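This report refers to the structure that appears directly beneath it.
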Amino acid sequence: MSGLNSRQLDAVQYTAGPLLVLAGAGSGKTRVITQKIAHLIGHAGIPARHIRALTFTNKAAREMRERVSQSVKGLNARGLNISTFHRLGLDILHRHPERAGLRTGFSLFDAQDAQTLIKEHLRGVPAAENLSLPAAQQRISGWKNDFIFPDQALSRAEDAFEARLATLYADYERSLSAYNAVDFDDLILRPAQLFRTQPDLLEAWQGRIRYLLVDEYQDTNGAQYELVRHLAGVRGAFTVVGDDDQSIYAWRGARPENLARLKDDYPTLQVIMLEQNYRSSASILGLANVLIARNPHVFEKRLWSELGAGERPRVLCCKDETHEAERVAAEILNLKFAAKIPLSDIAILYRGNHQAATFEQALSAHKLPYVISGGTSFFARAEIKDVMAYLRLLANPEDDVAFLRIVNTPRREIGSTTLQQLADYARERGTGLLATCIALETALMQPEHFSNRQRERLTTFARLMTDHTTQATTDPVAAMTALIDTIEYRQWLRDNASSKQIADWRFDNVTSLMNWLEQLRRGEYHGQTLANMVAHLMLRDALDRQDDADGGDGVHLMTLHAAKGLEFSHVFLVGMEEDLLPHRVSIDEDSIEEERRLAYVGITRARRSLTFTFTRRRKRYGKWVSSEPSRFLRELPREQLAWDDDRIDTPEQRKARVLAHLGNLREILSNGR
DNA sequence: TCCAGTACTATTTTT
DNA sequence: TAGTACTGGA
């Protein structure tokens with residue numbers, strides 16, 4: 001436990017009751033959590049299998065696992081469980097599906113599936129009601145995150161519009177239950193509800209989890225708060241770590257006030273503040289402190305650093321976004337060749353993804369490699385969604401969303417008219433779409449409105465699925481491989497891709513998916529149902545792992561949101577303009593404080609150098625719009641920044657740029673050989 | 001059933 | 001401007 005400061009040590013050793021660790025940016029919170037786990041096992045006598053650590057992302061969970069495995073060397077860490085909130089929820093539901101009103105083999109719907117479902121219910125609603133699909137979806141998700149059920153939503157509705165939304169919510173829930181499916185929000189909501197209503201279950205889980213650790217606690221939403229509160233119980237055997245200044249997810253239901261709420265729920269709560277920053281130079285940290293001091297605080301803290309003053313952070317003024325990208329690229333060339341900084345130590349951070357494009361162009365033009373996080377993920381790819389839908393339907397024949405996705409993929413000449421008829425008939429019978437297809441083959445009473453042609457096509461598809469169902473339970477990979485073969489999926493990809501290369505690449509993705517499934521079957525999911533494995537894949541852990549693996553060397557480009565939890569030697573915080581950071585919408589909604597925290601997160605990512613940029617004008621939806629520097633820049637003391645107002649580079653800068661550029665060319669040439 | 005032209009929208013995003 | 005979602009004709 002060497003190398004911890006006294007506050008960190010206190011946080012690690014305090015196990016007598018509930019503990020809140022307010023960990024400022026760069027204050028070594030991950031170290032505290034990992035050391036604490038080692039301490040709990042080694043000194044507090046809590047068996048590893050009774051400890052559960054919760055994070056928000058797979059990546060964070062994985063990193064914590066890696067770091068813990070180092071700190072617990074020599075201890076018996078078997079059964080130690082570090083996972084995301086959603087994974088814990090899935091574990092709970094998998095153990096007692098019937099208690100949560102589910103049947104075994106239930107499906108897990110992602111946001112896309114949920115949207116499809118809501119869209120279905122939104123059909124026929126007059127456009128005048130001005131109900132957009134994303135808004136409706138966000139609203140429903142918001143209710144779920146706040147632990148509000150449809151009937152409550154309806155009774156709280158203040159006008160017809162609200163009531164309409166609440167009804168939509170109720171419809172949506174009814175469909176989910178008919179399809180034997182849950183969505184991502186349910187993975188938190190339903191376990192929390194189980195614990196609230198079924199004391200024996202709660203007791204069992206409290207016995208299983210005797211010590212709870214939660215990372216990024218300021219990001220918890222209402223339902224997550226409930227879940228943690230129940231699991232912690234009256235014992236309050238938990239440590240939560242968070243930082244209200246880094247709360248940037250209010251828009252998706254996070255309740256940073258959950259930090260303060262803990263004090264009320266647990267009067268014996270101990271609070272430890274970690275204020276020593278081990279990351280940033282004093283001049284960077286100074287700016288961060290000044291900026292965030294403008295926000296109201298429940299817990300006052302002030303970060304300090306023993307690292308030297310370092311370079312004064314700079315502000316670059318640029319003509320427009322092209323010039324901005326150009327200047328940043330020039331700076332990066334300079335860092336690379338004059339200062340020999342590895343590109344992976346450099347990050348460009350921005351508010352919105354659309355800002356990335358110009359930087360990509362500028363970096364490419366200078367042959368500077370970059371890694372961009374975000375963008376279309378593995379699971380958003382059509383071929384993956386197709387195969388996942390086949391798997392889901394094999395595992396859960398009632399998954400109508402999966403059915404609809406693949407019933408005509410590849411083309412089986414089953415169009416919307418046929419499907420509408422099928423859906424009507426299914427509603428009449430009260431069965432799922434696949435079951436209805438099967439019934440079409442054997443049912444004595446045939447509804448007249450199906451032509452022989454249509455019936456034939458539907459039953460052929462049903463047979464295709466049933467032919468592989470049995471095998472899918474014993475050897476899903478073999479079953480799915482056979483299915484892919486039968487439907488000639490590879491050929492279908494070729495027919496629909498612009499080139500053979502793309503088709504082959506798509507099929508490679510399918511192969512990777514199958515490999516993950518096989519790994520699961522042989523490993524941690526040995527002996528478990530296909531449905532459980534598919535649900536696991538839906539949580540996207542596999543995808544992250546791949547992203548990490550092929551995240552090569554290069555400048556990092558990402559949004560401020562994506563940068564939380566990371567650090568870089570040299571940070572470019574670009575687009576520091578009104579209407580961008582703070583964003584126009586946030587200004588209108590009066591949520592400047594969250595935007596300020598976003599800027600704060602950006603600043604505190606930097607270790608050695610920090611460069612802000614802003615432009616004089618920017619293209620917006622094709623039109624030039626003049627822009628002015630962000631109020632956040634004006635909130636920073638002018639003397640602590642090096643403003644570079646020159647529109648034209650100084651001779652020295654130009655010289656440095658030319659030299660750097662030559663160096664780059666030389667390297668490209670020598671690599672080419 | 002399929003494709004092409006047109007209407008619409010435009011932060012942040014994890015699971 | 002650019003990208004996607006939907007509708008109507010062949």
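None of the values given here were measured: they were computed from a predicted structure. Below, chains carry the letters A, B, ... as their sequence lines are ordered, and counting in each starts from 1.
Nearest nucleotide to the A/Glu595 side chain, out of B/dT12, B/dT14, B/dT11: B/dT11. The side chain of A/Glu589 lies closest to B/dT11, out of B/dT11, B/dT12, B/dT14. Side-chain proximity of A/His86 to the nucleotides B/dT13, B/dT11, B/dT15 is greatest for B/dT15.
Rounding to whole angstrom units, CG of residue A/Leu539 and P of B/dT14 are separated by 13 Å. The nearest whole Å value for the distance from the CG atom in A/Leu133 to the C1' atom in C/dT4 is 13 Å. Per the geometry, NZ belonging to A/Lys119 stands 14 Å off C1' belonging to B/dC8, to the nearest Å. What separates CZ of A/Arg351 from P of B/dT11 is a distance of 10 Å, to the nearest Å. Taking atom CG of residue A/Leu349 and atom P of nucleotide B/dT13, one finds them 12 Å apart after rounding to whole Å. Straight-line distance from the NE2 atom of A/His583 to the P atom of B/dT11: 5 Å, rounded to whole Å. Counting to the nearest Å, the P atom of B/dT13 and the CH2 atom of A/Trp251 are 6 Å from each other. Look at CD on A/Gln224: it is 10 Å from C1' on B/dT15, rounded to the nearest Å.
Between the side chains of A/Thr615 and A/Glu321, no donor N or O sits under 3.5 Å from an acceptor N or O.
When heavy atoms are screened at a 4.0 angstrom cut-off, A/Gln112 is found touching no nucleic acid atom at all. At the heavy-atom level, A/Glu413 lies under 4.0 Å from the strands shown only through sugar-phosphate atoms. Among the heavy atoms of the strands, none lies under 4.0 Å from A/Leu88. Counting non-hydrogen atoms under 4.0 angstrom, A/Arg411 reaches the backbone sugars and phosphates but no base. As judged by a 4.0 angstrom heavy-atom cut-off over every strand, A/Lys564 is placed among residues making no nucleic acid contact.
The same atom, P, is picked in C/dA5 and in B/dT12; the two are 16 Å apart, to the nearest Å.
In this structure, A/Asp183 contributes its side chain and A/Phe109 its backbone to no donor-acceptor pair below 3.5 Å. A/Ser627 contributes a side-chain N or O that, together with a main-chain N or O of A/Arg616, makes up a donor-acceptor pair within less than 3.5 Å.
Annotation: cation-pi geometry not satisfied between A/Arg494 and A/Trp492 (NZ/CZ under 6.0 angstrom from ring centroid, within 45° of ring axis). The cationic group of A/Arg252 lies under 6.0 Å from the six-membered ring centre of A/Tyr249 and within 45° of the ring axis, placing it in a cation-pi geometry.
Under 4.0 angstrom from either OP1 or OP2 of B/dT13 there lies at least one side-chain N or O belonging to A/Thr559. Between A/Asn353 and B/dA10, a side-chain N or O to OP1/OP2 separation shorter than 4.0 Å is absent. For the OP1/OP2 pair of B/dT14 and a distance below 4.0 Å, the side-chain nitrogens and oxygens of A/Asn58 include no atom meeting the criterion.
Between the side-chain ring of A/Phe184 and the base of B/dT14, no stacking contact exists by the 5.5 Å and 30° definition.
Positionally, the nearest nucleotide of DNA chain B for A/Ser591 lies more toward the 5' end than for the other of A/Ser591 and A/Ala111. Residue-to-nucleotide proximity on DNA chain B shows that, of A/Asn408 and A/Gln138, the 5′-proximal contact is made by A/Asn408.
With salt bridges taken as basic N to acidic carboxylate O contacts below 4.0 Å, none links A/Lys144 and A/Asp185.
Residues of residues 618-628 of chain A that place a heavy atom closer than 4.0 Å to DNA chain C, in numerical order, are A/Tyr621, A/Gly622.
Among A/Arg392, A/Arg405, A/Lys385, the single residue meeting the salt bridge (charged side-chain N to carboxylate O under 4.0 Å, His left out) criterion with A/Asp113 is A/Arg392.
Remark: A/Glu257 CD is packed, more than 12 non-hydrogen atoms of other residues, nucleotides or ligands lying under 6.0 Å away.
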